[in-house]
Amino acid sequence: MSVKPGQAEVWWMAVEAVEDSRWPRLFALLDDSERHRAGRMGDEGQRRTYVAAHALGRGLLSHWAGQAPQHWRFVAGEHGKPEVVTTVGQPRLRLNLSHTRGLVAAALTLDHDIGIDVEWLDRKAAGMAVARRFFAADECRQLEQLEPERQDEAFLWFWTLKEAYVKAIGKGLAQPLASFAFTLEPLSIRFDHVPAVEAGRWHFYRFRPAARHVMALAVAGDVAVKIVGQDADGLARVGGGPDYFPMGAPAVRP
């Protein structure tokens, strides 16, 4: 296994940068059930985003553990979060995926809870209306203090951070979004009704992997985080041996 405990790796890939001739190679990285599900999608954009996200996640697993991408199997957790099936006695691989228009991402650690979320800045989010309904009061006040032209981007930063956390704990939107609150500058979190020891183990990061996308990462524990921009050619070579592990370009940080 190429990565030790105490490390996390995030891969991201621009969907629109994948040439048409490269899609069969990404499709081949999936297992039969994923191929079947992708084949049933009527919208070409949704199908390509699904294929890209799942190929990216499988490629990252194989980069870490050396198995073929199609080898990996998943089981649903209590709230439906997919968990990697590993051999008894082996380290627990924690994988999380996210996708939005034009971008997909995958995050992986050993044993640590982890969640990732990406959003497209040009989406029509109805930010303040959604925030007033679902966010903590402190977060709404932060948004209200901003100029209108800055509110949409700030809302999506809050959203990605919140999504990353609820995905990391495996509850999704079953966890009330108002039960914890972020401050963006400096980046911090406040939990309601959570012991300080539990709250202190969480670490959050936010990144700008592309000009029109934002990305947030939540991980339980103090780990070293590596961010890698991926391409279709490098990803399709994962699993071919140590000489074929990709060397992506680093993401742009805020």
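For this chain, numbers begin at 1 and follow the sequence in order. We use all heavy atoms of the structure for the numbers below, so side chains are in, but hydrogens, waters and symmetry mates are not.
Of the options L156, L187, I189, a side-chain contact (heavy atoms from CB on, under 4.5 Å) to L161 is made by L187 and by none of the others.
For residues 102-112, no residue pair satisfies the side-chain hydrogen bond (donor to acceptor under 3.5 Å, both in side chains) rule, not counting sequence neighbours. Sorted by first and then second residue, the ring pair (Phe, Tyr, Trp, His ring centres under 6.0 Å) pairs with a member in residues 37-62 read Y50-H54; sequence neighbours excluded.
Atom NZ in K167 sits 10.5 Å away from atom CD1 in I114 (nearest 0.5 Å). Expressed to the nearest 0.5 Å, how far OG1 of T100 lies from CD of E119 amounts to 5.0 Å. Summarising the geometry, atom NE2 belonging to H63 is positioned 11.0 Å from atom CG belonging to L235; distances are rounded to the nearest 0.5 Å. To the nearest 0.5 Å, atoms CH2 (W11) and CG (L108) are separated by 9.5 Å. With values rounded to the nearest 0.5 angstrom, M128 atom CE is found 9.0 Å from L146 atom CG. Once rounded to the nearest 0.5 Å, the distance linking CZ of F180 with CD of E139 reads 7.5 Å.
Side-chain contact between R141 and F135 is absent, with no heavy atoms from C-beta onward closer than 4.5 Å. In this structure, R190 and D138 have side chains that are in contact, with non-hydrogen atoms separated by less than 4.5 Å. No side-chain heavy atom of Y165 sits under 4.5 Å from any side-chain heavy atom of D117. Using a 4.5 Å heavy-atom cutoff, the side chains of V228 and L60 are not in contact. Side-chain contact check for F207 versus W12: every heavy-atom pair is 4.5 Å or farther apart. Using a 4.5 Å heavy-atom cutoff, the side chains of W120 and L103 are not in contact. Contact of the E9 side chain with the V223 side chain is not registered, since no non-hydrogen atoms from C-beta on lie closer than 4.5 Å. Side-chain contact between M41 and T49 is absent, with no heavy atoms from C-beta onward closer than 4.5 Å.
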| task | Carefully, step by step, assess W72 and L95 under the rule side-chain contact (heavy atoms from CB on, under 4.5 Å). | result | CA-CA 11 Å; W72 302 103; L95 177 73; over 6 Å; no
| task | Applying side-chain contact (heavy atoms from CB on, under 4.5 Å), run through Q67 and L61 and close with a yes or a no. | result | CA-CA 8 Å; Q67 300 283 356; L61 283 166; over 6 Å; no
| task | May I have the step-by-step check of side-chain contact (heavy atoms from CB on, under 4.5 Å) for V166 and K81, ending in yes or no? | result | CA-CA 10 Å; V166 299; K81 180 183 178 181; over 6 Å; no
| request: Please assess V18 against R48 for the test side-chain contact (heavy atoms from CB on, under 4.5 Å), listing each intermediate value before the final yes or no. | output: CA-CA 10 Å; V18 180; R48 287 190 168 189; over 6 Å; no
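The pair R37-D31 fails the salt-bridge criterion, with no side-chain N (NZ, NE, NH1 or NH2) lying under 4.0 Å from an Asp/Glu carboxylate O. D152 and R123 are not joined by a salt bridge, as no carboxylate oxygen comes within less than 4.0 angstrom of a charged side-chain nitrogen. In this structure, R206 pairs ionically with E185, as a charged nitrogen and a carboxylate oxygen lie closer than 4.0 Å.
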Pairs under 3.5 angstrom only: tabulate donor-acceptor contacts from the side chains of residues 209-219 to other protein residues two or more places apart or in another chain.
from : atom 1 : to   : atom 2 : distance (Å)
R212 : NE     : D122 : OD1    : 3.4
R212 : NH2    : D122 : OD1    : 2.7
H213 : NE2    : R101 : O      : 2.7

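The backbone N or O of A28 sits less than 3.5 Å from a side-chain atom of Q70, completing a donor-acceptor pair. Judged by distance alone, the side chain of R35 and the main-chain N or O of L30 form a donor-acceptor pair under 3.5 Å.
Taking each heavy atom of A55 and L26 in turn, the nearest pair found is CB-O, 3.8 Å.
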